[in-house]
There are 2 protein chains.
Amino acid sequence: MAGVRQDARTRTSSLEVTASLIDAALAILEEAGLPALTVRAVATRAGVAPMGVYSRFGNKDGLLEALFVHGFDTLEVAIETRSDANPLRRLSIGCLGYRQFAIDNPQLYHLMFEQMMLLELSPESREAAKRSFMILVDRVQDAMNSGDLTNGDSTEVAQELWSAMHGAVSLEIAGVHFAQDRAANFAAMINALIRGLG
Amino acid sequence: MAGVRQDARTRTSSLEVTASLIDAALAILEEAGLPALTVRAVATRAGVAPMGVYSRFGNKDGLLEALFVHGFDTLEVAIETRSDANPLRRLSIGCLGYRQFAIDNPQLYHLMFEQMMLLELSPESREAAKRSFMILVDRVQDAMNSGDLTNGDSTEVAQELWSAMHGAVSLEIAGVHFAQDRAANFAAMINALIRGLG
DNA sequence: TCCTCTATAGAACGTTGTTCTCTAGTTGTG
DNA sequence: CACAACTAGAGAACAACGTTCTATAGAGGA
């Protein structure tokens, strides 16, 4: 586990501290939620002084932005799918992976999209988010190329899919979802949308 | 305008204070954003001491919950539509009203769904949110009754629509939306979803 | 007109994000 | 191996936050 403090007032090996802080923040986030994610709590758990957060991330927002990037890097893996003879099936599997990521990391997922609203993200961070989106665009383009989706602007169609997925998992995570079976409702929505896109 | 302080240390008429606090909070929220929405700022703008927030709403979360209810009451009006010979058109118009509410009150919209995730809402508050949802359910049921939508569980279908709408406006408000024309992309998504639902 | 009660203005407290300072640890040089 | 210069971080300190406390101003009944 990261953040084992050897001794009071000992210099911790510098390379590991950044990772320790992010690990500590992720752990606190999922265990105790966003309000518990204080600079002091993260630093203590990582075995450093609060100052460590500022020397590495600038301020708390910088740490949150690091979590944002980490989240999208993880999401990128979650929606990646291996090649499939049926492009629509591959697309659907990626969508289910998207939902699974949100269900597995509800607090992180919420934080990722929260940040976009509240703080000004660097272009590099926004790029990390766009990488995940581009995977979706690729899957849509594949389905258009094979004739499984009506030809059109794959970015526009991918955006429609992303909007729908994001809304569904956001409401599910927030606990305001009136469907009986939320996984089934998610799948039904994706299927209806894909069917409607022709 | 609410919150005109007559004099230092004057008893303000009790009935108006609650409304003044909510008005002040809404104004600060849309003008300066969520971080600026402090108990002191709201109380000052409403012309009362911070204590006023606590005697009326319990704590800051209580004030936020009042904003939540106010938001859903306003949303309910925004998605309400007058009777229409074409049930699908009426449904679509309601959906556009939903988006317009979010675009017109981005900070409030964000806060409403933020609250659901972060704090435990009272059953009464949740009921206010559900009232808006039920309007959507009614429109879906109308379209099913007329044969414009395949018969099925109107709640499930309404949930799919709500998910999609919420995701689209959330991403649009957050500024992470890759479509050229966001209004058009929203309409295209709704149309595709309705088409896919049959 | 006085008394009682309620609501609240203003001060005070603990915790937060952030900054400052000083020292311990590291690194380069002989 | 010894010493000096530099760097990074530990811990204290600060402003602002949510919240609580207390003394008092105002309302209502006799």
Side-chain angles (χ1 to χ4, degrees), chain A residues 2-25 28-29 31-68 107 111 114-115 118-120, chain B residues 2-22 24-25 28-29 31-68 111 114-115 118-120:
Chain A
V4 228
R5 181 88 166 281
Q6 302 94 322
D7 200 3
R9 202 87 205 225
T10 314
R11 181 72 66 86
T12 328
S13 101
S14 184
L15 286 162
E16 303 165 6
V17 175
T18 301
S20 295
L21 284 168
I22 292 179
D23 287 348
I28 292 171
L29 187 62
E31 286 170 16
L34 189 57
L37 191 70
T38 68
V39 172
R40 283 174 176 79
V42 172
T44 300
R45 182 152 188 159
V48 298
M51 184 64 200
V53 172
Y54 293 88
S55 58
R56 283 153 209 292
F57 300 103
N59 53 21
K60 186 183 182 181
D61 286 348
L63 173 62
L64 296 182
E65 190 160 340
L67 297 181
F68 173 93
Q107 297 283 349
L111 180 80
E114 179 72 8
Q115 294 319 306
L118 290 183
L119 52 96
E120 227 46 47
Chain B
V4 229
R5 180 88 167 284
Q6 301 96 321
D7 201 2
R9 202 87 206 223
T10 315
R11 182 74 66 86
T12 327
S13 100
S14 184
L15 285 164
E16 303 166 6
V17 174
T18 300
S20 295
L21 284 168
I22 291 179
I28 292 171
L29 186 63
E31 286 172 16
L34 189 56
L37 191 70
T38 68
V39 172
R40 283 173 175 81
V42 172
T44 301
R45 182 153 187 157
V48 298
M51 185 62 201
V53 172
Y54 293 89
S55 57
R56 282 154 211 292
F57 300 102
N59 53 21
K60 186 183 181 182
D61 286 348
L63 172 62
L64 296 183
E65 189 160 342
L67 296 181
F68 172 94
L111 179 80
E114 179 72 8
Q115 294 320 305
L118 290 183
L119 49 96
E120 225 49 47

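Within every chain, numbering begins at 1; the chains are lettered A, B, ... in the order of the sequence lines, protein sequences first and strands thereafter. Note that the structure is a prediction, hence the values are computed from the model and not measured.
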Starting from the C-alpha separation in whole Å, work towards a yes-or-no answer on side chain to side chain contact (heavy atoms under 4.5 Å, CB included) for B:Asp61 and B:Leu118. CA-CA 10 Å; B:Asp61 286 348; B:Leu118 290 183; over 6 Å; no

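- Within the 3.5 Å criterion, the main-chain N or O of A:Ala41 finds no donor-acceptor partner in the side chain of A:Thr44.
- In this model, the phosphate group of C:dA7 is not approached by any side-chain N or O of B:Ser55 to a distance below 4.0 Å at OP1 or OP2.
- When every heavy atom of B:Ala43 is checked against every heavy atom of B:Val53, the shortest pair comes out as CB-CG2, 4.5 Å.
- Taking every heavy atom of both residues into account, B:Leu21 and B:Arg56 meet most closely at CD1-CD, 3.7 Å.
- Direction change of the helix axis from one end of the helix from C:dT1-D:dA30 to C:dG30-D:dC1 to the other is 0°, with five pairs defining each end axis (rounded to 10°).
- Regarding B:Phe57, its CZ atom lies at a distance of 15 Å from the P atom of C:dA7, rounded to whole Å.
- Between the CG atom of A:Leu34 and the P atom of C:dT16 there is a distance of 13 Å, rounded to whole Å.
- Distance from the side chain of B:Tyr54 is smallest to D:dT20 among D:dC17, D:dT20, C:dT18.
- The side-chain contact (heavy atoms from CB on, under 4.5 Å) check on A:Ala49 picks up nothing, with sequence neighbours excluded.
- Side-chain N/O atoms of B:Arg56 include one lying less than 4.0 angstrom from OP1 or OP2 on C:dT8.
- DNA chain C is contacted by both A:Gly58 and B:Met51; B:Met51 maps to the nucleotide lying nearer its 5′ end (nearest heavy atom per residue).
- Nearer to the 5' terminus of DNA chain C, by closest-nucleotide assignment, is the contact made by B:Ala49 (compared with the other of B:Ala49 and B:Arg40).
- Under the salt bridge (charged side-chain N to carboxylate O under 4.0 Å, His left out) criterion, A:Glu31 pairs with A:Arg45, sequence neighbours left out.
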